[in-house]
Amino acid sequence: MFRHLAAVATALAVVTVTPVEATPALVPAVDRDVAFTADGTTAYGTLHVPEHRAGQRLRAALLLPGSGPTDRDGNQPPASLPDTLAQLADTLGKDGVATLRFDKYGTGRTGLGTYQDRPEELDYPAFVRQARAGYESLRDQPETDPHALLVVGHSEGAMTGLLLGGTVSPRPAGLALLQPQAIRMLDLVALQLRAQIAEATRQGQFTPEQQRTVNAAVDAAVTALRERRPVDTADLPSPIARLFEAFQGPNARFVRSDDAVYPPDTTFALRPGTKVLLTCGTHDVQVPCDTTNALTTALRHAHAHGPGRVVLPGVDHLMHDTDHPATLAPPVLDSLHWLAQH
């Protein structure tokens, strides 16, 4: 009997039980307030963390807005409320990508900060430094993977994203240049103005001779600004004259420093193999597709990977189309999905 019990005990001794590993709990999606400092000014933003498993490190994207007083959601209240960046955050979040968007200088809770009493000293490099600080804040969040960071910029924000792509550490894994400012600022302004003047001529507001005069005056104004000479506004229609007068006023330093950047020249600093998505819309009158030709070529020479330029049929500058006037158009969603999944 004892021998029998000993045999049973021996048999039981070799039986091992492998514990079932518990599946990490799901952490629900959350929006969290974030603050970071650049040049002595605190910038305030929103970190969107999508649903994920506890302890998981997520791909994450810094979202950068277009020109002007555009806040963390992509709005210029009260006149323009497209929610561009908020919608980008929602779209990327559905693909499991965390996002950080923030109120840049002159907007939202951030305001002008240290430039409050000297706004004329605010130049474009200050916005780039602020974006770099935002990137570093995103990198250091406990939910983000610092080796899987993306920069997603719209319009002027895309140019800022290009500059970050070649200078931040670690370098981003990918860039999304959405309807990007791809040529010098004043060249783009002149192109937009000539298009508006041509349309006004078609509508009978100008004669062909007046159109040529105004176009020549616009070109002369651009040259004067670049040479730091007073702009002669005598041959310019009042709204255009006021625009160039503003470029010579408190905004002069910003305009000169923004115009000094030629985006194709910034691509050489990108890490070879960086994933790059560049979109342009066929209905974008602010940044026509052909303005991105040189940048597209430069990205190819920089050995960027990814789809490169993607033409979005029927899409305008705010990434809408006629069937989606208040939300991101389906071709935009498809292109962002590619970026998030590769």
Side-chain angles (χ1 to χ4, degrees), residues 21-36 45-65 72-74 82-102 131-132 134-154 157-158 160-162 164-165 168-180 270-271 273-279 304-308 310 312 315 319-320 324 327-342:
E21 293 186 7
T23 302
L26 278 179
V27 180
V30 65
D31 282 340
R32 187 164 72 232
D33 289 338
V34 170
F36 56 88
T46 300
L47 179 76
H48 176 70
V49 182
E51 182 182 74
H52 63 286
R53 298 201 177 279
Q56 180 183 2
R57 288 286 190 144
L58 301 170
R59 286 170 299 166
L62 178 69
L63 307 185
L64 299 173
R72 74 180 75 180
D73 290 332
D83 279 336
T84 307
L85 296 194
Q87 292 177 11
L88 285 173
D90 181 65
T91 297
L92 290 167
K94 291 175 181 176
D95 271 328
V97 179
T99 55
L100 173 61
R101 61 193 197 271
F102 62 92
R132 181 178 293 112
Y135 183 89
E136 292 167 354
S137 176
L138 178 64
R139 175 196 66 195
D140 296 340
Q141 296 300 317
E143 300 92 345
T144 63
D145 181 349
H147 302 292
L149 299 180
L150 307 170
V151 178
V152 178
H154 175 240
T160 304
L162 268 174
L164 291 188
V168 291
S169 180
R171 299 290 174 87
L175 301 174
L177 312 176
L178 307 176
Q179 328 300 71
L270 294 178
R271 183 185 63 191
T274 301
K275 296 183 301 181
V276 178
L277 165 71
L278 186 160
T279 67
H305 287 182
V310 175
L312 307 176
V315 173
M319 298 179 288
H320 303 158
H324 305 84
T327 58
L328 301 178
V332 180
L333 302 180
D334 291 342
S335 63
L336 289 170
H337 182 70
W338 181 93
L339 182 74
Q341 293 301 313
H342 290 80

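Positions are given from 1, in the same order as the sequence printed here. Nothing here was measured: the structure is a model prediction, and the numbers come from that model.
Contact between Ala173 and His147 at its shortest, heavy atoms only, is CB-O, 4.4 Å. Annotation for His320 and Leu328: closest pair CD2-N, 4.3 Å, computed over non-hydrogen atoms. The heavy-atom pair separating Gly165 from Leu270 by the smallest distance is C-CD2, 3.6 Å. Of all heavy-atom pairs spanning Thr160 and Ala131, the tightest one is CG2-CB, 3.8 Å. Shortest non-hydrogen contact noted between Arg32 and Val49 is NH1-CG2, 4.4 Å. Nearest heavy atom pair, residue Ala158 against residue Leu177, reads O-CD2, 3.5 Å.
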* Asked: Do Leu178 and Leu88 pass the side-chain contact (heavy atoms from CB on, under 4.5 Å) test, and can you show the C-alpha distance, the side-chain angles, and the key distance before you say yes or no?
  -> CA-CA 11 Å; Leu178 307 176; Leu88 285 173; 3.9 Å; yes
* To do: Would you please test Arg171 and Thr274 for side-chain contact (heavy atoms from CB on, under 4.5 Å) and show each step?
  => CA-CA 9 Å; Arg171 299 290 174 87; Thr274 301; 5.8 Å; no
* **Step-by-step side-chain contact (heavy atoms from CB on, under 4.5 Å) determination, Leu58 to Gln141** => CA-CA 10 Å; Leu58 301 170; Gln141 296 300 317; over 6 Å; no
* **Derivation and outcome, side-chain contact (heavy atoms from CB on, under 4.5 Å), residues Glu143 and Leu47** => CA-CA 10 Å; Glu143 300 92 345; Leu47 179 76; 4.2 Å; yes
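Side chains of Leu92 and His48 form no contact here, defined as non-hydrogen atoms less than 4.5 Å apart. Contact annotation: the side chain of Val276 never approaches that of His305 to less than 4.5 Å [non-hydrogen atoms, C-beta and beyond]. A 4.5 Å side-chain heavy-atom check between Met319 and His154 finds at least one atom pair inside the cut-off. Taking the side chain as every heavy atom from C-beta outward, Pro180 and Leu278 approach each other to under 4.5 Å. Put simply, the side chain of Leu85 does not reach to within 4.5 Å of the side chain of Arg72, judged on heavy atoms. Residues Phe102 and Thr46 are not in side-chain contact: their nearest non-hydrogen atoms beyond the backbone lie 4.5 Å or more apart. No side-chain heavy atom of Val97 sits less than 4.5 Å from a side-chain heavy atom of Leu336.
Among Thr279, Val315, Val310, Thr327, the single residue meeting the side chain to side chain contact (heavy atoms under 4.5 Å, CB included) criterion with Val332 is Val315. Each of Leu150, Val151, Leu62, Val34 was scored for a side chain to side chain contact (heavy atoms under 4.5 Å, CB included) with Leu138, with one residue passing: Leu62.
Atom-to-atom distance recorded for Arg132:CZ and Arg139:CZ is 11.5 Å, nearest 0.5 angstrom. We find the CG-CZ distance between Leu100 and Phe36 to be 6.0 Å, quoted to the nearest 0.5 Å.
Formation of a donor-acceptor pair under 3.5 Å by the Arg101 side chain with backbone atoms of Leu63 is not found in this model. At least one donor-acceptor pair closer than 3.5 Å links the side chain of Tyr135 to the backbone N or O of Pro170. Remark: the backbone N or O of Leu333 is not paired with any side-chain donor or acceptor of Thr91 at under 3.5 angstrom. Using modelled atom types, no side-chain atom of Arg57 and backbone atom of Pro146 make a donor-acceptor pair closer than 3.5 Å. Between the His52 side chain and the Pro50 main chain, a donor and an acceptor come within less than 3.5 Å of each other. Side chain of Thr99 to backbone of Ala61: no donor-acceptor contact under 3.5 angstrom is found.
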